[in-house]
Amino acid sequence: MRHTLLLLPTMAAALRKVLVTGANKGIGKRIATKLLTDVEDSFVYLGARDAGRGAAAVADILAEHPEAAGRLELLELDTESDASVKAAAEKVDSLWGLCNNAGVGFGRSIADTLSPNYYGSKRVCEAFLPKVESRICNIGSASAPNFVSGLGDASLKAFFTSSETSLEDLEKKLDEYSAAPDYEGVAYGLSKASLHVLTMQLQKAHPALHINTCSPGYVLTDLTAGMGASKTPEQSNCHVAPLHILFGDDVAHGWYYGSDAVRSPLDVYRGPGDPPYESDTW
Ligand code: NAP
């Protein structure tokens, strides 16, 4: 494991608080659980848009890990709602880290995919950034480099991978994409490539923080059901890169990490165990 396991006494004042959005199931629930079991001084806000589903997940985790009692709290939060995100942010004083995990998968229109996967993450970042002390982990996907590598136009490839692409220009481009039906199934990869543009822009605006994107790997969840993924979140390494980004002691600024917590390129797929991507720039 590359993250730091601190063996500090568990004192409320010293706990490092992390919000994980969309943590009532799937990868988010696994990340929340591993944060509690592997980082002794962590406190997790389990984000869920449905209070009942969130409470059930909290109860599940505490039943399996009673030692986490007092370090886990439900935070009702719909990332697609301004009012919900604002209300949630008002309940939180400070965060060590934020993990933008909430998202949807394939088979939706471009607008319906961008809404949680890009705009929802952006909304949560904007609301919580003043409270974040150290880390932001955006849950991306290998679909992002796959989307970029499939773009025929070199200038479009540069657009989706450059730290010079402003969010204003990005969102104009997303409006153009959204005006067309998702004929080629690009919605999901587009949303995750856009998420990393957000990562880079936020990193530039907040250089003292560590703001990174990672892939959790290909994992069997409701999002991928029937698509060939074989390992459940519990069987997979989906938590490894997020825990590294949130608590590792050699975390970069503005990188895209593969699921093995190794730097990966933005324009071509790099598999776990492949050599790291080396570059002096983003
Ligand atoms: P999942 O099991 O379907 O879980 C998605 C979670 O996001 C659920 O908790 C869902 O809440 C929540 N969510 C969706 N829209 C939301 C909103 N507007 N507000 C708050 N929560 C919302 O999918 P998953 O596979 O764990 O996916 C988690 C993240 O990993 C996603 O960002 C996904 O793109 C990414 N990812 C997954 C894979 C994979 O192989 N599974 C690969 C790469 C990246 P409800 O239960 O209320 O719907």
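Numbering of ligands and ligand atoms starts at 1, following listing order. A quick note: this is a predicted structure, and the numbers were derived from the prediction, not measured. Any value given below was found using the heavy atoms of this structure, including those in side chains, with hydrogens, waters and symmetry copies removed.
In terms of modelled atom types and a separation under 3.5 Å, the side chain of K17 and the main chain of Y45 share no donor-acceptor contact.
Other residues, nucleotides and ligands contribute only 12 or fewer heavy atoms inside 6.0 Å of the NZ atom of K86. Heavy-atom contacts from other residues, nucleotides or ligands closer than 6.0 Å to CD of E234 number more than 12.
For ligand 1, the protein residues within 4.0 angstrom (heavy atoms only) are G22, N24, K25, G26, I27, R49, R53, L77, D78, T79, E80, N101, A102, G103, I139, G140, S141, Y188, K192, P216, G217, Y218, V219, T221, D222, L223, T224.
Of the options T113, N117, D112, a side-chain hydrogen bond (donor to acceptor under 3.5 Å, both in side chains) to S191 is made by N117 and by none of the others.
In this structure, Y188 has its ring center at least 6.0 angstrom away from the ring center of F147.
E171 and Y119 share no donor-acceptor pair across their side chains, judged by distance under 3.5 Å alone.
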